[in-house]
Amino acid sequence: KDFVEIYTRELRGGKYWGVFYDLYSLGESLEEVHGRFEARFDFCYGSNIHVVETLSVEIPDGICLPCESHPSDHLPVGVKFCVPMVNA
């Protein structure tokens, strides 16, 4: 009962990828029905700056997160930016 409740909360909370990963790890793929969940929600906010480059970790095709080499589904994101000089 507790086990089912945990997954029910995950699904109701929109965390389908967690359930998918657990089933995938056990050899039970849902790809024929829904496909693999892929999305990024990365935002960097700033004002009066110039973005030079965005940086992110690339994951090879066929790798589901979390996994042995990436133990979290949260990946770092970075931005190179320039701040204008202010005359004092």
Side-chain angles (χ1 to χ4, degrees):
K1 179 180 172 182
D2 291 338
F3 182 77
V4 172
E5 188 176 313
I6 290 169
Y7 280 103
T8 301
R9 278 195 309 241
E10 289 281 296
L11 294 171
R12 285 187 180 147
K15 299 179 180 177
Y16 306 106
W17 59 89
V19 176
F20 176 88
Y21 175 77
D22 289 348
L23 292 171
Y24 181 83
S25 295
L26 296 169
E28 299 294 331
S29 177
L30 301 176
E31 296 223 17
E32 309 82 41
V33 180
H34 299 287
R36 185 172 63 185
F37 177 82
E38 294 183 32
R40 289 191 179 197
F41 301 98
D42 299 329
F43 299 95
C44 292
Y45 295 97
S47 61
N48 200 24
I49 63 171
H50 171 71
V51 175
V52 176
E53 182 181 3
T54 58
L55 311 166
S56 63
V57 176
E58 293 301 321
I59 303 299
D61 286 343
I63 300 295
C64 290
L65 299 180
C67 65
E68 249 181 58
S69 59
H70 296 280
S72 174
D73 60 352
H74 298 271
L75 299 174
V77 63
V79 176
K80 288 184 182 179
F81 59 91
C82 292
V83 178
M85 296 283 288
V86 176
N87 293 334

Quiz prompt | Partner residues of Leu26 under the side chain to side chain contact (heavy atoms under 4.5 Å, CB included) criterion, sequence neighbours left out | solution = none
Exercise. Specify the closest pair of heavy atoms between Pro84 and Asn48, including all atoms of both residues, with the distance to one decimal.
Key: CD-O, 3.0 Å
Self-check item: Electrostatic pair Glu5:Arg9 at N-O distance under 4.0 angstrom
Solution: yes
Quiz item: With hydrophobic residues grouped by side-chain heavy-atom distances under 4.5 Å, do Val79 and Val83 end up in a single group?
Solution: yes
Quiz item: When you look at OH of Tyr7, are more than 12 heavy atoms from neighbouring residues, nucleotides or ligands closer to it than 6.0 Å?
Solution: yes
